[in-house]
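All remarks here apply to the structure that follows.
All chains are named by letter (A, B, ...) in the order of the sequence lines, taking the proteins before the strands, and each is independently numbered beginning at 1.
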2 protein chains.
Amino acid sequence: MNTSQLCPKFEKAMSILSKRWTGLVIYQLLSGPQRFCTIESSIGISGRLLSDRLKHLEDEGIVKREVYPETPIRIEYSLTEKGLALQPLMKELEKWSQDWITSKDT
Amino acid sequence: MNTSQLCPKFEKAMSILSKRWTGLVIYQLLSGPQRFCTIESSIGISGRLLSDRLKHLEDEGIVKREVYPETPIRIEYSLTEKGLALQPLMKELEKWSQDWITSKDT
DNA sequence: ATACTTACTTACGAAAAGTAACTAAAGTAA
DNA sequence: TTACTTTAGTTACTTTTCGTAAGTAAGTAT
């Protein structure tokens, strides 16, 4: 019996953020559009999972993917308007982490 | 090779929130101290995982546990100052979910 | 003694994550 | 022509985490 008293929209939002790596991928893309391998090395996720997460974020309309047929091929991922709208939340998390996470915690 | 360029404090904060259920448990406790079974039924988590998550949140100093030896026994979970400090973040997530999650998404 | 309540814990199959090696496409170098 | 490089993934396989359901412990109440 799942007698949820929570707002379904809030629950959905939380389910996106509480999937491992998605938060960090979004945070990373807040610094600008970037390619697969850049995200991969900057947050330390494996290609297998990054591929999966980017697909999901595209499905959610948070990330968009653009192909530039250069040499070698360049594929850039960036945030949509919906994704960019998460910036205030990320700022709050930055603030909280600075205020409350001690260096021992890491 | 994990060449993290992220702030370790931010990474740690994100790792707490991106563990399934922890965000919802914290959110639920923002409405006041409550017992195990109340949290369990209001967010739809199983006892097994709630037990685990509360223990972790206690270890992180986000949640505190108090025992009232009444009949039947009452054990109340509540947010510490560190946990309460997540309220602004939760408000941002509420805002974002209202603005950007459509009813189809749920 | 038996049942009832709360707050868990245990056991176990299913799903997700982590690691590493492999593939595809397109150009470049020898 | 053949081999090599780069980017962007995918596949195969092991380990960890999750979800469900049943069981336990302490303290009444009947």
With a 3.5 Å limit on both atom pairs, tell me what C:dA30 is paired to, counting Watson-Crick and G-U wobble, or say none.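 C:dA30 is paired with D:dT1.
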Nearest-angstrom distance from the residue atom CZ of B:R74 to C1' of D:dA26: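 Value for this atom pair: 17 Å.
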Within this structure, what is the CD-to-C1' distance between B:E40 and D:dC18, rounded to whole angstrom?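 Rounding to the nearest Å, CD of B:E40 and C1' of D:dC18 are 15 Å apart.
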Heavy atoms within less than 4.0 Å of DNA chain D: which residues of residues 24-34 of chain B have one? Give them sorted by number.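 Correct list: empty, so none.
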Applying side chain to side chain donor-acceptor pair (under 3.5 Å), can you list everything that pairs with B:E92, at least two apart in sequence or on another chain?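 So B:E92 forms a side chain to side chain donor-acceptor pair (under 3.5 Å) with B:K95.
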Those residues that, when tested against B:K55, pass side chain to side chain donor-acceptor pair (under 3.5 Å) (two or more places apart):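 Listed in chain order: nothing, the list is empty.
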Nearest 0.5 Å please: distance from the [atom1] atom of [X] over to the [atom2] atom of [Y].
X: B:S78; Y: B:R35; atom1: OG; atom2: CZ; value: 14.0 Å
X: B:I16; Y: B:I62; atom1: CD1; atom2: CD1; value: 4.0 Å
X: B:E94; Y: A:M14; atom1: CD; atom2: CE; value: 9.5 Å

Does A:Y68 reach a base, just sugar-phosphate, or nothing at all? Heavy atoms under 4.0 Å.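 Nothing, no nucleic acid heavy atom in range.
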Kindly state each residue pair satisfying salt bridge (charged side-chain N to carboxylate O under 4.0 Å, His left out) with at least one member in residues 72-81 of chain B, sequence neighbours excluded.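 Only B:E70-B:R74, B:R74-B:E76 qualify under salt bridge (charged side-chain N to carboxylate O under 4.0 Å, His left out).
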If the condition is side chain to side chain contact (heavy atoms under 4.5 Å, CB included), which residues does B:L86 pass it with, not counting sequence neighbours?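 Expected list: A:W96, B:I26, B:L89.
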Please enumerate all residues that pass side chain to side chain contact (heavy atoms under 4.5 Å, CB included) together with B:T80, with sequence neighbours excluded.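 B:T80 satisfies side chain to side chain contact (heavy atoms under 4.5 Å, CB included) with B:K64, B:K82 only.
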List, one per line, each side-chain donor-acceptor pair under 3.5 Å for residues 43-54 of chain A, sequence neighbours excluded.
residue: A:S46; atom: OG; partner: A:L49; partner atom: N; Å: 3.4
residue: A:D52; atom: OD2; partner: A:H56; partner atom: ND1; Å: 3.3
residue: A:R53; atom: NE; partner: A:R20; partner atom: O; Å: 2.8
residue: A:R53; atom: NH2; partner: A:R20; partner atom: O; Å: 3.3

Start and end of chain A contact along DNA chain C [non-hydrogen atoms, under 4.0 Å]: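 For DNA chain C, the relevant span reads C:dA17 to C:dG27.
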If the condition is ring-ring contact (aromatic ring centres under 6.0 Å, His included), which residues does A:Y27 pass it with, not counting sequence neighbours?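 ring-ring contact (aromatic ring centres under 6.0 Å, His included) check on A:Y27 returns B:F10.
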Check: protein-nucleotides 2-4 of chain D nitrogen or oxygen pairs below 3.5 Å:
none

Show each protein N/O and nucleotides 28-30 of chain D N/O combination with a separation under 3.5 Å, one pair to a line.
residue: D:dT28; atom: OP1; partner: B:T71; partner atom: OG1; Å: 2.7

Should B:Y68 and B:V63 be regarded as members of a common hydrophobic cluster, given that ILVMFWY residues are connected when their side-chain heavy atoms come within less than 4.5 Å of each other, either directly or indirectly?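 Different hydrophobic clusters.
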Return the residues of residues 46-56 of chain A meeting this criterion: a heavy atom under 4.0 Å from some atom of DNA chain C. Order them by number, or give none.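 When residues 46-56 of chain A is checked for heavy atoms under 4.0 Å from DNA chain C, the hits, listed by number, are A:S46, A:R48, A:L49, A:R53.
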